[in-house]
Amino acid sequence: ETGVTQSPTHLIKTRGQQVTLRCSSQSGHNTVSWYQQALGQGPQFIFQYYREEENGRGNFPPRFSGLQFPNYSSELNVNALELDDSALYLCASSSPGGSPMVRDTQYFGPGTRLTVL
Amino acid sequence: AQTVTQSQPEMSVQEAETVTLSCTYDTSESDYYLFWYKQPPSRQMILVIRQEAYKQQNATENRFSVNFQKAAKSFSLKISDSQLGDAAMYFCAYRDNYGQNFVFGPGTRLSVLP
C-alpha cells in the first residue's frame, strides 16, 4: 500500500509569484484535504476535494485554489504569494469506505515547506 | 465555529512513566469525530487514536488511550509506559460528521526523559 506523497519537498518563491504543490493520495483513497501549518502552530484546514469537486473550505482567500484529478491526486495553487504564506503545506487523504476504524480517517503526507521571500 | 484548545504547550515524562495530554473543544454538533495526531521532528503527521462522539466507550490503541467526556467537551490522551520514540508534537483534532470541517489544536510538545 502506497502512502501519501507530496512534491516538492521544499520550495522558495518571492512575493507576488504563484506556486503549485502536488499530492498523491494513498491507494484506495478518493478524498484529499490540504492544510497550512505555520511554524509552531497546528495545521489550518484549507479545503477538501472529493471526487474532483471541492467539498469543504476553511477560512482561506480565493487565491488559494485546488484541483483533484481522476486518479484522486491533487494540486494546491496559491496566487499572489504573500510573506505570511510561508509555511508547511500538508496533504491528507481519506476514504469514506472501509472498516469503522479507518473510515474517513486522514493519512498525512510529509508536507511541502514553502518559503516566501 | 468549532475550536480546539490544548492548554499545555509543553509536557515532559520520564521513560516508562505515564503522561496525560489535555484537550478541550467547542462545538454545537452532537455527532463528530475526535483525533490525536503525533508529529515527530521528521514532521510527518501520524494518527495515534480516534474517537467517534456517539460512542461512550473510550478508544484504546495499545499504550494509548483517551478519556472522552462529551458533556464536558474534553478529550485527553493518556500514554502509558512512555518510550523515547513518543517524543513529538501531539495535536488534538476535531472533524464534523460530514467530513467537511477539520480543526486542529495548537499542539503539545512532549519530551521523554531517559
Side-chain angles (χ1 to χ4, degrees), chain A residues 2-7 9-10 23 26 29-51 53-60 66 87-114, chain B residues 1-10 21 23-25 29 31-55 57-62 64 66 88-109:
Chain A
T2 306
V4 180
T5 60
Q6 292 185 244
S7 63
T9 305
H10 296 87
C23 171
Q26 184 167 311
H29 287 184
N30 56 14
T31 303
V32 173
S33 302
W34 285 93
Y35 294 84
Q36 180 193 68
Q37 186 178 19
L39 199 61
Q41 297 182 23
Q44 300 289 315
F45 175 60
I46 302 174
F47 46 55
Q48 180 184 83
Y49 277 82
Y50 171 67
R51 292 186 175 181
E53 297 285 333
E54 188 177 291
N55 186 44
R57 190 179 182 94
N59 189 26
F60 279 81
L88 180 67
Y89 287 85
L90 296 169
C91 165
S93 73
S94 59
S95 172
S99 68
M101 280 307 296
V102 299
R103 189 179 304 148
D104 291 324
T105 295
Q106 297 195 321
Y107 296 87
F108 284 81
T112 294
R113 171 72 65 190
L114 173 64
Chain B
Q2 290 82 5
T3 58
V4 176
T5 302
Q6 294 177 250
S7 59
Q8 307 151 315
E10 295 185 1
L21 307 184
C23 172
T24 58
Y25 59 94
E29 304 293 324
D31 290 329
Y32 48 87
Y33 296 81
L34 297 166
F35 303 85
W36 278 97
Y37 280 91
K38 166 186 176 181
Q39 190 176 39
S42 65
R43 82 185 181 202
Q44 186 144 8
M45 198 83 74
I46 302 166
L47 175 67
V48 175
I49 199 165
R50 85 176 227 170
Q51 174 81 42
E52 291 89 343
Y54 65 84
K55 288 187 177 179
Q57 185 174 6
N58 289 323
T60 62
E61 283 290 336
N62 302 314
F64 299 89
V66 298
M89 282 292 288
Y90 284 81
F91 293 99
C92 177
Y94 165 100
R95 199 211 83 187
D96 70 13
N97 195 38
Y98 304 99
Q100 297 175 338
N101 184 26
F102 302 86
V103 182
F104 278 74
T108 295
R109 182 174 301 281

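Labels below follow one simple rule: chain letters A, B, ... track the order of the sequence lines, proteins then strands, and each chain is numbered from 1.
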Do [X] and [Y] touch side chain to side chain, with heavy atoms closer than 4.5 Å?
X        : Y        : answer
A/Thr105 : B/Phe35  : yes
B/Phe102 : A/Gln106 : yes
B/Gln39  : A/Leu88  : yes

- Nearest 0.5 Å please: distance from the CZ atom of A/Phe108 over to the CG atom of B/Leu47.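 Spacing of CZ (A/Phe108) from CG (B/Leu47) equals 9.0 Å.
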- Message: Just verifying a value: how many Å separate A/Ser94 OG and B/Arg95 CZ, rounded to the nearest 0.5 Å?
- Response: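 Those atoms lie 7.5 Å apart.
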Side chain / backbone / both / neither for [X] at chain B, heavy atoms under 4.5 Å:
X       : value
A/Gln48 : side chain
A/Thr31 : neither
A/Tyr35 : side chain

- Message: To check you understand the geometry: which heavy-atom pair defines the closest contact between B/Gln44 and A/Val4, and what is its length?
- Response: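 B/Gln44 and A/Val4 have their closest heavy atoms at NE2-O, 4.4 Å.
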- Residue, of A/Gly40, A/Gly56, A/Gly109, A/Gly58, that accumulates the most heavy atom pairs under 4.5 Å with chain B: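 Option with the greatest count: A/Gly109.
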- Query: Got a sec: does the CZ of A/Arg57 have more than 12 other heavy atoms crowding it under 6.0 Å?
  - Reply: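 Yes, the 6.0 Å shell around CZ holds more than 12 heavy atoms from other groups.
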